[in-house]
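Structure record follows, encoded as structure tokens.
Starting from 1, each residue takes its place in the sequence as its number.
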Amino acid sequence: MSKQLVLMDHDGGVDDYLATMLLMTMDHIQLLGVVVTPADCYGEPAVSATRKILDLMKSSHIPVALSTVRGINPFPRLYRRDSFIVDHLPILNQNETISTPLLTQSGQDFMIQVLRDAPEPVTLIVTGPLTTVAIALDKAPEIEAKIQKIVWMGGALNVIGNVENSLEPGQDGSAEWNVYWDPISAARVWESQIEIIMCPLDLTNNVPVTSEVVYKMGRQRHYPISDLAGQCYALVIPQDYYFWDVLATAYLAHPEFYQLREWETEVITTGLSQGRTKVVSGGRKISAMDKVDKEAFYNYILQQWAR
């Protein structure tokens with residue numbers, strides 16, 4: 001059976017590293033590279049942590065590239081500093097040198113090159129804003145035909161967003177951060193013909209990171225991947241934290257765990273609701289992950305990280 005070609009684009013939050021780790025455990029996937037979009041992170045430590053994770057998982061043949069795109073509404077510094085913490089975790093710093101290559105070309109140019117060179121259409125797993133994808137499409141419109149689908153963690157369809165008014169005054173609370181960072185780029189991707197499968201807050205709000213799951217990781221910490229996952233989740237356990245990016249990524253391995261639902265939508269780019277993914281009659285059709293077998297999902301990630 002031929003492997004599914006996948007390119008990852010993450011934005012350096014704690015759960016982005018965990019999504020990368022999960023993706024690396026999937027035997028049916030050929031990962032063509034990792035692009036880091038500097039949104040929920042600082043770029044250099046995020047790239048460094050990503051390369052160290054690929055080294056740990058004996059996947060140092062996979063190239064990493066840092067996108068040079070910028071958003072309209074930056075993530076809070078408090079969120080972004082987690083990239084420094086993860087980069088300093090002891091388990092990722094057992095070796096003095098990093099083997100996984102960091103490309104000199106920008107993440108957006110690397111994305112264009114990977115798609116152009118791929119022998120067949122590629123699935124994009126995007127766990128941050130859609131900016132790098134939008135810029136790549138603008139620079140090289142012909143790559144649209146080489147994208148099989150985008151599996152994206154982002155948006156809030158029929159629930160409130162997670163951009164708090166206290167952090168971002170002038171917001172009505174409807175936006176989700178991965179859209180709000182750069183609504184114009186999300187709208188650009190919406191204009192394409194690419195199949196989009198969203199993992200929105202509507203679903204992730206029901207799949208929290210619980211102490212019980214983190215304790216289970218601790219009980220299998222003799223496996224390095226579980227040890228690292230447990231350390232990462234221990235960092236965020238006092239917050240309201242959910243399986244955002246990991247839930248989206250697991251779809252690539254087990255779509256049968258999920259129920260999809262089609263919606264007609266638009267991305268609001270201005271005003272109090274900028275960054276909202278709004279359900280509107282006659283809008284752009286997307287599929288959203290609507291339900292998931294939670295027990296099967298939790299069991300799956302624990303099983304995958306026991307290695």
Side-chain angles (χ1 to χ4, degrees), residues 9-11 13 15-16 19 37 39-40 71-73 75 123-131 133-134 147 149-165 167-168 170-209 240-252 254-294 297:
D9 176 357
H10 79 63
D11 74 330
D15 54 336
D16 294 274
T37 295
D40 191 12
I72 294 166
N73 301 301
F75 273 85
T123 295
L124 299 186
I125 173 76
V126 182
T127 56
L130 289 164
T131 309
V133 179
I147 300 173
K149 61 179 177 282
I150 298 173
V151 177
W152 177 52
M153 192 278 123
L157 295 170
N158 297 293
V159 295
I160 59 167
N162 58 5
V163 178
E164 295 164 39
N165 186 269
L167 289 172
E168 294 287 313
Q171 254 296 308
D172 66 6
S174 63
E176 184 275 328
W177 263 109
N178 284 344
V179 195
Y180 181 67
W181 194 72
D182 182 4
I184 291 167
S185 286
R188 166 66 182 91
V189 175
W190 250 237
E191 288 167 11
S192 74
Q193 302 299 308
I194 302 164
E195 179 188 357
I196 297 171
I197 300 176
M198 283 172 62
C199 181
L201 297 186
D202 308 51
L203 181 63
T204 62
N205 286 349
N206 299 311
V207 189
V209 176
D240 278 339
Y241 213 84
Y242 298 89
F243 283 101
W244 293 297
D245 300 346
V246 172
L247 188 63
T249 303
Y251 177 83
L252 296 180
H254 286 287
E256 74 277 7
F257 290 174
Y258 300 76
Q259 285 181 29
L260 298 184
R261 183 168 173 185
E262 190 174 81
W263 297 95
E264 296 178 344
T265 59
E266 68 177 351
V267 177
I268 309 293
T269 57
T270 58
L272 293 176
S273 301
Q274 70 164 308
R276 179 179 181 186
T277 38
K278 187 177 183 182
V279 175
V280 291
S281 179
R284 206 280 199 196
K285 284 184 179 162
I286 57 92
S287 297
M289 300 177 201
D290 193 52
K291 293 190 176 131
V292 66
D293 182 335
K294 270 170 45 172
F297 165 74

The test is side-chain contact (heavy atoms from CB on, under 4.5 Å); show your working for Glu262 and Leu260 and say whether it passes. CA-CA 7 Å; Glu262 190 174 81; Leu260 298 184; over 6 Å; no

Side-chain contact test, heavy atoms from C-beta onward, threshold under 4.5 Å: evaluate it for Thr127 versus Trp244 and give yes or no. no

What's the spacing between Met289 CE and Ile197 CD1 if we round to 0.5 Å? 6.5 Å

Using a 4.5 Å cut-off on heavy atoms from C-beta on, say whether the side chain of Val246 contacts that of Phe297. yes

Mind listing the closest non-hydrogen atom pair of Ala187 and Thr269 along with its distance? CB-CG2, 3.7 Å

For the student: nearest non-hydrogen atoms of Ala134 and Arg188, plus distance: CB-CG, 3.8 Å

Could you pull out the closest heavy-atom pair between Pro129 and Val126, with the gap in Å? O-CG1, 3.6 Å

Roughly how far, to the nearest 0.5 Å, is the CG atom of Asp15 from the CG atom of Asp245? 3.5 Å

Atom pair OG1 (Thr204) and CG (Asn162), whose distance is rounded to the nearest 0.5 Å: 8.0 Å

My understanding is that only one of Asp9, Asn178, Asp11 makes a side-chain hydrogen bond (donor to acceptor under 3.5 Å, both in side chains) with Thr37; could you say which? Asp9

For the pair His254 and Phe257, name the ring-plane relationship: parallel under 30°, tilted 30 to 60°, perpendicular over 60°. parallel

Begin from the C-alpha positions of Ile286 and Trp190 and carry the test side-chain contact (heavy atoms from CB on, under 4.5 Å) through to its verdict. CA-CA 9 Å; Ile286 57 92; Trp190 250 237; 3.8 Å; yes

What distance separates Thr249 OG1 from Ile125 CD1, expressed to the nearest 0.5 Å? 4.0 Å

Closest non-hydrogen contact found for Leu157 with Asp202 is N-OD1, 2.9 Å

Would you mind reporting whether Lys149 and Ser287 have side-chain heavy atoms less than 4.5 Å apart? no

Going by heavy atoms in the side chains, are Trp177 and Glu168 under 4.5 Å from each other? yes

Tell me whether Asp16 contacts the main-chain N or O of His10 through its side chain, where contact means a donor paired with an acceptor under 3.5 Å. no

Contact between Phe243 and Val209 at the side-chain level, heavy atoms closer than 4.5 Å - yes or no? yes

Say whether, by atom type as modelled, one donor and one acceptor occur between the side chain of Trp152 and the main chain of Gly128 under 3.5 angstrom. yes

Under 3.5 Å, is there a donor-acceptor pair between the side chain of Gln171 and the main chain of Gln274? yes

Which pairs count as ring-ring contact (aromatic ring centres under 6.0 Å, His included) when at least one residue sits in residues 265-287, sequence neighbours excluded? none

Provide the closest heavy-atom pair for Gly161 versus Ala156 in the form atom of the first, atom of the second, distance. CA-CB, 4.2 Å

Looking at side-chain heavy atoms only, is the closest gap between Thr265 and Lys278 below 4.5 Å? no

Please lay out, stage by stage, how Asp182 and Leu130 fare under the test side-chain contact (heavy atoms from CB on, under 4.5 Å). CA-CA 8 Å; Asp182 182 4; Leu130 289 164; over 6 Å; no

Is the CD1 atom of Ile160 crowded by more than 12 outside heavy atoms at less than 6.0 Å? no

Treating Glu264 as the side-chain partner and Gly282 as the backbone partner, does any N or O pair qualify as donor plus acceptor under 3.5 Å? yes

So, Ser273 side chain and Ile268 main chain: donor-acceptor pair closer than 3.5 Å or not? no

Please name the pair of heavy atoms, one in Tyr258 and one in Ala250, separated by the smallest distance, quoted to 0.1 Å. OH-CB, 3.3 Å

Walk me through it: do Lys291 and Asn206 pass the test side-chain contact (heavy atoms from CB on, under 4.5 Å)? CA-CA 9 Å; Lys291 293 190 176 131; Asn206 299 311; over 6 Å; no

Looking at Gln193, I'd like to know if its CD atom is crowded, meaning that more than 12 non-hydrogen atoms belonging to other residues, nucleotides or ligands lie closer than 6.0 Å. no

Sub-4.5 Å side-chain heavy-atom contact between Val133 and Ser185: no

Hey, what do you get for CD (Glu256) to OH (Tyr251), rounding to the nearest 0.5 Å? 10.0 Å

Residue pair Ile147 / Glu195, side-chain heavy-atom distance below 4.5 Å: no

Output for pair (Thr131 OG1, Ile184 CD1), nearest 0.5 Å, gives 10.0 Å

Tyr242 side chain vs Leu247 backbone, donor-acceptor pair below 3.5 Å: no

Donor-acceptor pair, side chain of Arg284 and main chain of Val267, under 3.5 angstrom: no

All side-chain hydrogen bond (donor to acceptor under 3.5 Å, both in side chains) counterparts of Trp263, not counting sequence neighbours: none

